[in-house]
Amino acid sequence: MSEFDIELQQVRKSFGQVSVVRDIDLQIPKGEFVSILGPSGCGKTTTLNMIAGFSMPSRGDIRIRGRSQMKVPPEKRNLGLVFQNYALFPHMTVAENVGFGLRMRGVARPEMKAIVESALRSVHLEGFSDRYPRELSGGQQQRVALARAIAPQPSVLLLDEPLSNLDLKLREAMRAELKEIHERLGMTFVYVTHDQEEAMAMSDRIVVMEGGTIAQQGVPGDIYRHPASRFVAEFIGQSNILPVSAYSRSAAGYKLSIEGGPVILAGAGADSPASVGFCSVRPQNVRLVGVDDVPPGMNRLEATLRRVTDFGAHQELEVVIGLGHRLVLQHPPIAAGHALAPGQMVTLAVNPSDVRLLAV
Ligand code: ATP
């Protein structure tokens, strides 16, 4: 028996001459919550559809629990599915909707009733059995769809942007609920989203896709702190990206010349990539300090303030360094009377360990 619930081996999908998923290798262990994350059109849904069996790979193999699925139809793969449009049957009650798959499998009535009740409890909809979909809010309908998917107790649940029709508050509440359901049921979840916050909030592992390939995969915090490329640094959270014209090793790590000069940034660590195109620094890692207050060992940057945006809990400062490179930094609200004015010079400090080298 394979240790992986799902394995994609060199999977490719082409439509005519165009390959929209290209030679993907992916292994998903049992019980993991994996998010496939990427911008519109990068191939997320195509990948999920191939796992579900709605679409066949042009090349490669998909294995579920160690068995090739090339000849296995969708209904035999023991997968649960939840999609963006919940697609409940409008003429059936909540209980009938949730029990639909079970009835198709010939599950006996008393047993079915118990399973439906348990699935509705899982999504906190006990007491809603006799309602019709039109009598439910969007969030409740999506929870019925979730209950319907988990009722047959599949080993894997595939979810394609299931929260995108809900408003922000409900989406955030549902994130926590989905994570809790995942932990309680111990099923493998494969979750497709273009929303990086959603993926960060729920996943054990994130697979970032770009143009039909996997750009990077790992635990959310690692991807955030160690983006492998410019694309990932920009897609996961906010990043300042600076073009690098020269790289040299130093006693403590390395030094980077920012294109156009005269800015030099020190970085920590042993990174020595074959090609260095850019470096990135997160906005929360750029500190505004007094002219004489740059802590020892930190990078010192002189900048011109362009704009201050007040978000209440924090302020966002846009500054320019060197020959016109823009940097954004986050700062706690500055007390009235000490307000900063666009055009003034400011001093910034950046810890070398917060500077990331990015390949081109
Ligand atoms: P979104 O977040 O917008 O849903 P996605 O990452 O899920 O995007 P896919 O739906 O997998 O992207 O589509 C990937 C690419 O494949 C797109 O360029 C799309 O136009 C193309 N594509 C998908 N299905 C077909 C098809 N049946 N025929 C031709 N091209 C297709």
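Order of listing sets the numbers, starting from 1, for every ligand and every atom in it. Quick caveat, the model's predicted, so the values are computed rather than measured.
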Please report, to 0.1 Å, the donor-acceptor pairs under 3.5 Å made by any side chain of residues 36-45, with sequence neighbours excluded.
residue	atom	partner	partner atom	Å
Lys44	NZ	Gly38	O	2.9
Lys44	NZ	Pro39	O	3.1
Thr45	OG1	Asp160	OD2	3.0

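With sequence neighbours excluded, no residue forms a salt bridge (Lys or Arg N to Asp or Glu O under 4.0 Å) with Glu198.
Counting only residues at least two apart or in different chains, salt bridge (charged side-chain N to carboxylate O under 4.0 Å, His left out) contacts with residues 14-26 comprise Arg12-Asp23, Asp23-Arg59.
Between Phe33 and Phe189, the ring planes are tilted. Angles from 30° to 60° get that label.
Salt bridge annotation for Glu177-Arg143: present, with a cationic side-chain nitrogen under 4.0 angstrom from a carboxylate oxygen. A salt bridge is defined here as a Lys NZ or Arg NE, NH1 or NH2 lying under 4.0 Å from an Asp or Glu carboxylate O, and Arg63 with Glu7 fails to meet this definition.
Annotation: ligand 1 has protein neighbours Phe15, Val20, Pro39, Ser40, Gly41, Cys42, Gly43, Lys44, Thr45, Thr46, Glu161, each with a heavy atom less than 4.0 angstrom from the ligand.
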